[in-house]
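Count residues from 1 along the sequence. Heavy-atom basis, side chains included; hydrogens, waters and symmetry copies ignored. Start at 1 and go down the list; that is how both ligands and their atoms are numbered.
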Amino acid sequence: MAIADFSRRDFVRGAAVAAGSALVPNWLLATPPQDPVVNKVKKDGKTISREKVSWKVQPFPMKQVRLGDGPCKIAMEADRRYLHSLPPDRLLHTFRLNAGIPSPAQPLGGWEAPDCELRGHYAGGHYLSACALMHASTGDEELKANANNVLAELGKCQNALKGGYLSAFPVEFFDRLRNRERVWAPFYTIHKIMAGALDMYVCCGNDQGLEIAEKMAGWVAGYTQPLSYDHMQRILGTEYGGMGEVLSNLYAVTGKDYYLEVAQRFDKKLFFDPLAAHRDELKGLHVNTHIPQVIAAARYYELTGDQRYRNIADYFWDEVVNERSYCTAGTSNGESWNTDPGKLAAELSTNTTECCCAYNMMKLTRHLFGWSADARYMDYYERALFNHRLGTIHPEDGTMMYYLPLAPGYWKTFGKPFDSLWCCTGTGSEEYAKLTDTIYFHDDDSLYVNLYINSDLEWPEKGIRLRQETLFPEQQTTTLTISAKNPVTLSVQLRIPYWAEGGNVKINGATLPAFGSPSSYLSLNRTWKNGDKIELSLPMALHIDRMPDDESVQAVMYGPLVLAGRFDAVAKELMYGEYEPKNQKPVNVPDIVADPGKPTAWVEPDAKQPLTFRAVGQSQPLTLVPLYQIIQERYAVYWKISKKSA
Ligand SMILES: [Zn+2]
C-alpha cells in the first residue's frame, strides 16, 4: 500500500545537504519541518511530497524562530514552567494501570482522574504535543527528554494492551460507542494521543512516535472497517476531535494511502453537506466538536485536491468569523452556537468563548492563509492571539482558562495545576508552545511579516537572519534588521492591519513615499544588504466593535486590542478550579452615555501610562486596559450605550 518507504535517516541527510549554508547553526541541520503541511521527504535524492495543493506561502520551521521579551514570551515561559512541573510517573499512572503494569504514583485529578472517561487525553496526548512544540520553539532538551521517557513508557503500555490499542481507559469504552451506549468521547482522546506521538516524531525526531501512531491507526482501521457507513455516521454523533486530521497527517508523512482512506471514514455527512452547499446550519451544534472536523477537511483538500473540501473550509470560516464571533475573535456560548447567524447580543454569559475554540479556529486560519496569503486571515489571527490567547494563561503559574467570560462584571478563572487538566489546559499547553509558528511565512522570493512580535528569524536557504525589535502592542512601531553575508534580492511583505490609521515605513532612515492600505501586505522589493533596517510605524486609534444585532451593545478597541473596564480584584480562591465564575454576583457595571456621532469620545488615553484609558463624562470613574492584561480583576468588555442628549 505504501507509495514509498523512507527512513528518517535518509531524510535528515538530504535536509543537511540542502541547508548547507555557512549561516546555518548546527541545531537546524538534523530536523524535519515542524508542520506536516509542508512535509517533503527525500528519497534517493528526490523530494517527495504528498500534498496535492501546496500552500502559496509557507511557515518556517519553529526552530528557526525565537521569541524575544514581551507578552508572548511571558506566556510561553509560563507554559514551559508548567510543563516542567508535571511528573512523568503521574502522567503515566492511568495508562499503566489500564495496561496491567503496576504504578505506585499519585493519580492526577480533574479530567485525568482515574475515573474520568477522558483520562489520557492530556497525560499521553496534549502533554507530548506541547513538549514537542516547546522543544521546537525553544530548544528545551529537558522537556524533550521527559517526553521521550513518557513516550517510551506508553510504548510498553501499547505492547501490553496488544493490537495497537493505546489508552488510559479500557477498550470496552469503544464497545459502548459502537452500541451507542453512554460514553464521553473515546475517539477524541485517541486523537490527542495519536497527535502527541506524531508530534514527537515530527518535532523531536522520535521514531517511536511514528511507530506508536501507526500502530494506533492500525487499531482504528480495524475497529471502523467492519462498520456500515450508516453505523459509522451514527458513531460520529459522539465527539471525536481531529481523527480525520491526524490520520491525514499520518498519510502525509508515510505515504500510506490507507491512512487517508481511514481518515475519511470520519467525514460527518450531516455536518459537511450543508457547508458544501453554503448553508449555515451551525445553530445547535457543539462548537469544539466541529472545528477540528473542518481542519480535517482542510487537510483532505490539501492531500486530495478535492475542491469540495476547500468550499467547506472557506464557507465555515466566513460564517464563524463574520457571523458568530465576538470582538475578541472567540466563538461559542455554553460551548454551542445557540442562535441564527449574526445574533450575539443576547449571548453574553460567564461561559462564552471556550479557549479550545480559539485554538482550533487559529489552527484552521493558518491553512486558509497558506492557500491564499490573504491579509484578512492574519487580521483575525492577530485579534484572537492578542485578545483571547494572551491573558487566558496565568503568567505566574501557567494554569489555563476554560471559558473567557464576556458577560460584564465577572472575572477570569484558571485551572488547578494537577487537578483540572481540561481540554483547554491541553490546547493551551500547545498554543503557548507554538507562538513561533505564524509570525513569519515565506514563498520562494518573499518574506511575510504577519505579526509584530519581538523575535528572531533564521532563513538559511537565503543566508539571512532577521531581528524584529518591538514592544508591540505597547509600542506602535517595529524595527526589522537584516543580517546577510551576501546581498539578497527579496520582497519583504509587511502586514498592514485592518485597524491601522495611516502609518509609514522607513528603510535605513528614509521614509518611503507610499504605504499600504489596511488589511493588505505592503511589498518592499529590493536587494537587501547586511545591516539594512526597516522601521514600520502603525498608529493605533480607538474604534468601536458593535454587536451585529444590537448597536447599543458595544466594545471599545484600541488598534488590535479589546479594552476592558477594570474593576475590583477578586480573592485568589475564587480564581482557581472552576470552569467559570461562580457563587458571586457580577459587580455593577454602569451604562455608558455616548454621542453616536463620536462613539469613542467617552474614552481618553491616560497620558502617563501606556495602554491605559479613562472614561469621561460617566456616572463613575472607570479605567480601561487591554483585556489580556487583566488577570485577577473583575472586568467588562461589552457596554450598554445610551445616547447622549444634546
Ligand atoms: Zn476546551
Judged by modelled atom types alone, do Y309 and Q264 share a side-chain donor-acceptor pair under 3.5 Å? yes
Going by salt bridge (Lys or Arg N to Asp or Glu O under 4.0 Å), name the residues that satisfy it together with R376, two or more places apart in sequence or in a different chain. D318, D374
Salt bridge present between D437 and K434 (N-O < 4.0 angstrom): yes
Atoms of type N, O or S from protein under 2.8 Å of the Zn ion (ligand 1), total 4
Does NZ or CZ of K192 come closer than 6.0 Å to the centre of the six-membered ring of Y188, within 45° of the ring's axis? yes
Mind checking whether W411 and F567 have ring centres under 6.0 Å apart? no
Aromatic contact between Y380 and W317, with the criterion being ring centroids under 6.0 Å apart: yes or no? yes
